[in-house]
Protein chains: 2
Amino acid sequence: MVSIKDVARVAGVSDKTVSRVVNGEPNVTADTIEKVQLAIADLGYIPNLAARSIRSNRTNIIGIITDFISTTPYSGDIVRGVQDWAGANGRTVLLANTDGDPTRETNVWRTFKAHRIDGVLYVAMYHRVVVPAAGEVSIPTVLVNSHPEDGYVYPSIEPDDFGGSYALTEHLIALGHRRIGYIRLNPLLLGANQRLDAFLTAAQAGGIAESDLVIRLGMEGPVGRETNYVYREALDMLSMPDRPTALVCGNDEMALQAYLAALSLGLRVPDDITIVGFDDFRTVSLGLKPELTTVALPYYDLGWQGANMLDQLVHGKGSETERRILKCLVVARQSSARRGDATPRQAIGSF
Amino acid sequence: MVSIKDVARVAGVSDKTVSRVVNGEPNVTADTIEKVQLAIADLGYIPNLAARSIRSNRTNIIGIITDFISTTPYSGDIVRGVQDWAGANGRTVLLANTDGDPTRETNVWRTFKAHRIDGVLYVAMYHRVVVPAAGEVSIPTVLVNSHPEDGYVYPSIEPDDFGGSYALTEHLIALGHRRIGYIRLNPLLLGANQRLDAFLTAAQAGGIAESDLVIRLGMEGPVGRETNYVYREALDMLSMPDRPTALVCGNDEMALQAYLAALSLGLRVPDDITIVGFDDFRTVSLGLKPELTTVALPYYDLGWQGANMLDQLVHGKGSETERRILKCLVVARQSSARRGDATPRQAIGSF
DNA sequence: TTCAGCAATGTCGACGTCGTCAATTGAAAT
DNA sequence: ATTTCAATTGACGACGTCGACATTGCTGAA
């Protein structure tokens with residue numbers, strides 16, 4: 001592989017001068033610059049970042065650690081956000097996943113340290129409480145889509161599940177719905193409780209009696225291998241004589257099953273039943289017909305901004321205790337309508 | 001950061017001896033080993049891979065380049081396969097994506113070269129023809145889920161779309177279906193034509209008249225921003241007086257829309273209409289009720305085996321021209337049934 | 001006893017880059 | 001003409017690691 005010395009020889013200057021040109025340092029003659037650049041182009045020289053890093057103690061590499069989230073479709077957007085930030089800021093992204101296995105996690109941290117990466121974005125499933133096994137010598141770390149267990153301190157960036165769910169519920173109430181069904185996420189996930197709490201709070205604030213809320217558990221069991229009751233519960237709920245006029249689902253995949261249940265009962269969305277989801281997972285939310293009203297989780301931004309927070313931290317400018325919460329916007333599509341009203345409304349989302 | 005020399009000082013040996021212990025070289029006293037390991041543990045020493053790599057000219061890093069595939073849910077499994085291979089073989093994965101933008105692609109290759117990575121896995125959307133901009137000095141490269149344009153030579157690993165589609169069609173014929181609908185993928189995707197060709201070939205081999213096949217275009221337009229006709233076409237096809245008894249969809253997301261169309265017409269799956277997809281994209285194929293009969297694309301294995309091929313190449317053992325084709329198995333679930341028969345059958349897939 | 005032979009350990013330099021500091025040049029100031 | 005100073009360039013070493021080779025010390029054979 002061609003090195004700075006090869007370039008120096010060809011250009012007839014010292015290696016240090018080549019270094020100056022490569023790094024855009026001042027006090028180099030235009031003439032010299034040209035000679036050097038010519039040689040660089042000729043030889044196809046590209047600086048060796050490893051060599052650079054052993055001198056500078058900075059690698060410009062950031063690592064992403066994912067737990068089982070990597071098996072979900074969500075993770076992709078977060079990672080893409082990080083990548084795009086990295087690309088725009090001259091960093092490179094090292095990727096590793098642990099499948100939730102502590103042994104593998106330890107290895108990943110070791111590997112990252114061995115690479116002397118500048119920092120780590122720890123991306124966890126949904127919104128779970130998490131403690132990175134950073135070990136003795138620690139790398140600057142930001143938790144993405146999760147936050148640390150009590151007693152541990154890490155900066156984090158998380159979606160505002162509560163706010164999103166609250167706004168979604170208000171949306172339904174504004175549409176005149178008074179009898180509302182709710183299918184819960186796996187309670188193991190932090191987001192699950194926040195979403196439900198917000199739903200209940202908003203319903204109460206909207207003057208809806210608890211007796212008019214029908215709440216069912218959609219899935220339970222270990223994350224990633226849960227038992228799924230959604231279809232059954234949706235069927236059941238929608239078969240009630242006084243069935244809800246609107247059905248809130250813990251996420252979009254649950255909403256899919258709710259659609260299927262509704263349709264197979266001969267109900268039409270949104271004419272007979274309003275169905276809404278959560279996440280705005282496009283494959284589902286745009287794949288459903290009519291398209292799904294849901295809440296957009298800012299996955300891409302979690303990644304991008306998380307990377308940005310990490311960068312601040314690496315440069316000593318960030319706060320060790322920052323907890324940044326990103327807004328979740330309601331994306332109103334055609335699956336929600338005024339109670340007893342089939343007319344599609346204007347979208348209020350950002351798309 | 002603690003270096004090999006710090007360890008040497010604490011252990012009271014030379015740095016070279018520490019190096020020997022770290023790399024498991026022979027001819028070191030058990031006593032010495034212990035002293036050194038103690039010092040290592042004390043100081044939390046972790047070898048600096050950058051320094052190692054400038055001596056050895058090997059980084060044990062492999063890069064993944066994705067084009068817009070990273071916006072699809074599929075890419076995740078491929079990347080996971082690569083990661084798992086890397087984790088199991090002491091490699092690290094550098095990740096970059098181009099969004100299909102040639103400028104970004106050029107930058108990505110530059111960055112990868114600057115890191116002196118050992119090789120590149122070029123992962124392309126679906127199954128598209130692709131030319132990596134490797135540039136003058138080339139890094140060993142394997143194309144994953146895609147293959148090179150005519151005139152270019154790169155090893156590649158691809159799914160057997162044709163075989164999978166053929167088997168799926170045979171499956172339907174074996175179930176007694178004689179009048180079959182087909183909704184095509186975006187023709188821009190290589191997989192699209194292979195799947196359609198296989199369908200036609202298998203239908204002919206099964207003695208089905210062309211007049212009994214109803215073929216519709218499901219989407220067209222630039223990859224990633226296509227116009228979607230699936231729902232409309234499915235509605236239309238299923239409203240025909242002599243409607244097909246089985247409907248083959250270009251992929252699982254299309255099958256989702258076919259379900260919705262069927263259900264909204266009051267048809268039941270699979271009693272009234274058999275629907276099958278392609279990809280086995282779990283969010284959809286398992287999220288649909290009844291669960292979807294489809295063809296499993298071996299995304300994870302594409303990643304794992306692709307990484308393996310690349311490794312061979314890096315070590316000079318691989319072939320520059322290998323084109324490995326991975327089988328796609330039919331996963332029979334409950335959405336396909338004998339014509340006019342509602343009884344669910346035994347799954348023949350591997351799950 | 002002497003020495004070959006081998007195991008155990010150390011010294012030194014090189015990898016590619018860049019920071020430090022010195023050397024050289026030319027022009028402006030005296 | 002001499003001095004001063006800034007601009008330009010180069011020589012050298014250090015970063016962390018390990019390969020090549022040297023040194024030390026011990027064993028066993030002659």
Side-chain angles (χ1 to χ4, degrees), chain A residues 1-37 39-40 43-61 90 92 110-118 137, chain B residues 1-37 39-40 43-61 90 92 110-118 137:
Chain A
M1 186 57 71
V2 32
S3 85
I4 205 171
K5 287 180 185 160
D6 301 313
V7 177
R9 193 169 350 95
V10 170
V13 298
S14 75
D15 52 352
K16 178 60 200 184
T17 297
V18 176
S19 169
R20 274 188 263 260
V21 172
V22 169
N23 294 292
E25 288 176 34
N27 299 335
V28 186
T29 316
D31 187 49
T32 307
I33 293 181
E34 199 188 347
K35 273 192 304 185
V36 170
Q37 282 176 338
I40 288 178
L43 298 173
Y45 167 71
I46 296 181
N48 184 329
L49 296 181
R52 195 175 274 180
S53 88
I54 68 170
R55 286 207 40 77
S56 66
N57 263 324
R58 281 284 311 284
T59 56
N60 285 324
I61 299 177
T92 316
R110 262 192 67 84
T111 307
F112 279 5
K113 285 181 186 173
H115 282 288
R116 303 294 192 267
I117 68 177
D118 294 340
V137 186
Chain B
M1 185 59 71
V2 32
S3 84
I4 204 170
K5 287 182 184 158
D6 301 314
V7 177
R9 193 171 345 98
V10 170
V13 298
S14 74
D15 53 353
K16 178 63 203 185
T17 296
V18 176
S19 169
R20 274 189 263 261
V21 173
V22 169
N23 294 292
E25 289 176 32
N27 299 333
V28 187
T29 315
D31 187 50
T32 307
I33 293 181
E34 198 189 347
K35 272 191 308 184
V36 170
Q37 283 177 337
I40 289 178
L43 299 172
Y45 167 71
I46 296 181
N48 184 329
L49 296 182
R52 194 175 275 178
S53 87
I54 68 171
R55 286 205 42 73
S56 67
N57 264 323
R58 281 285 311 284
T59 56
N60 285 324
I61 300 177
T92 317
R110 261 193 69 85
T111 307
F112 279 5
K113 285 181 186 173
H115 281 289
R116 303 294 192 267
I117 68 177
D118 294 340
V137 187

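Proteins get letters first, then strands, A, B, ... in listed order; numbering begins at 1 in each.
Judged by atom type and distance alone, B:K16 reaches the base of D:dG19 through a side-chain donor-acceptor pair under 3.5 Å.
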- [ ] Could you give me the CA-CA distance, side-chain angles and deciding distance for A:T17 and A:S14, then say whether side chain to side chain donor-acceptor pair (under 3.5 Å) is met?
- [x] CA-CA 5 Å; A:T17 297; A:S14 75; 3.2 Å; yes

Task: Check against side-chain contact (heavy atoms from CB on, under 4.5 Å), B:Y45 and B:D6 - done: CA-CA 9 Å; B:Y45 167 71; B:D6 301 314; over 6 Å; no

Open item on the list: Let's go through B:I61 and A:H115 carefully: what are the C-alpha distance in whole Å and the side-chain angles of both, what is the deciding distance for side-chain contact (heavy atoms from CB on, under 4.5 Å) to 0.1 Å, and is it a yes or a no?
Closed with: CA-CA 10 Å; B:I61 300 177; A:H115 282 288; 3.7 Å; yes

Open item on the list: Checking A:L49 against A:T59 for the side-chain contact (heavy atoms from CB on, under 4.5 Å) test, could you report, in this order, the C-alpha distance in whole Å, the side-chain angles of both residues, the deciding distance, and whether it holds?
Closed with: CA-CA 7 Å; A:L49 296 181; A:T59 56; over 6 Å; no

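Around the CD atom of A:E34, the shell of radius 6.0 Å holds no more than 12 heavy atoms that belong to other residues, nucleotides or ligands. More than 12 non-hydrogen atoms from other residues, nucleotides or ligands lie less than 6.0 angstrom from CZ of A:R58.
Across all their heavy atoms, B:R116 and A:P47 have their closest contact at NH1-O, 3.6 Å.
Across the protein-nucleic acid pair, B:D6 atom CG and D:dT17 atom C1' stand 13 Å apart, rounded to whole Å. We find that CD1 of A:I46 is positioned 11 Å from P of C:dT17, with the value rounded to whole Å. Atoms CD1 (A:I4) and P (C:dA14) sit 18 Å apart, rounded to a whole Å. We find that CG of B:L43 is positioned 14 Å from P of D:dG16, with the value rounded to whole Å. When the P atom of C:dT17 is taken as reference, atom CD1 of A:I54 falls 10 Å away, rounded to whole Å. Per the geometry, CZ belonging to A:R55 stands 5 Å off C1' belonging to C:dC18, to the nearest Å. Atom CD of A:E25 and atom P of C:dT20 are 11 Å apart (whole Å). Computed from coordinates, the B:D15 CG to C:dT11 P distance equals 8 Å when rounded to whole Å.
Regarding contacts with the backbone of C:dC15, every side-chain N or O of A:N48 stays at 4.0 angstrom or more from both OP1 and OP2.
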List, with names and distances, any nitrogen or oxygen atoms from the protein found under 3.5 Å away from nitrogen or oxygen atoms belonging to nucleotides 3-9 of chain C.
| unit_1 | atom_1 | unit_2 | atom_2 | d |
| --- | --- | --- | --- | --- |
| C:dA8 | OP2 | B:N27 | OD1 | 3.2 |
| C:dA8 | O3' | B:T29 | OG1 | 3.1 |
| C:dT9 | OP1 | B:T29 | OG1 | 3.0 |
| C:dT9 | OP1 | B:T32 | OG1 | 2.6 |
| C:dT9 | OP2 | B:T29 | N | 2.9 |
| C:dT9 | OP2 | B:T29 | OG1 | 3.0 |
| C:dT9 | OP2 | B:T32 | OG1 | 3.2 |

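Across all strands, B:R52 comes closer than 4.0 Å only to sugar-phosphate atoms, never to a base (heavy-atom distances). Residue B:N23 is classed as a sugar-phosphate contact, given heavy-atom separations below 4.0 Å to backbone atoms only.
Residue-to-nucleotide proximity on DNA chain C shows that, of B:G12 and B:N57, the 5′-proximal contact is made by B:G12.
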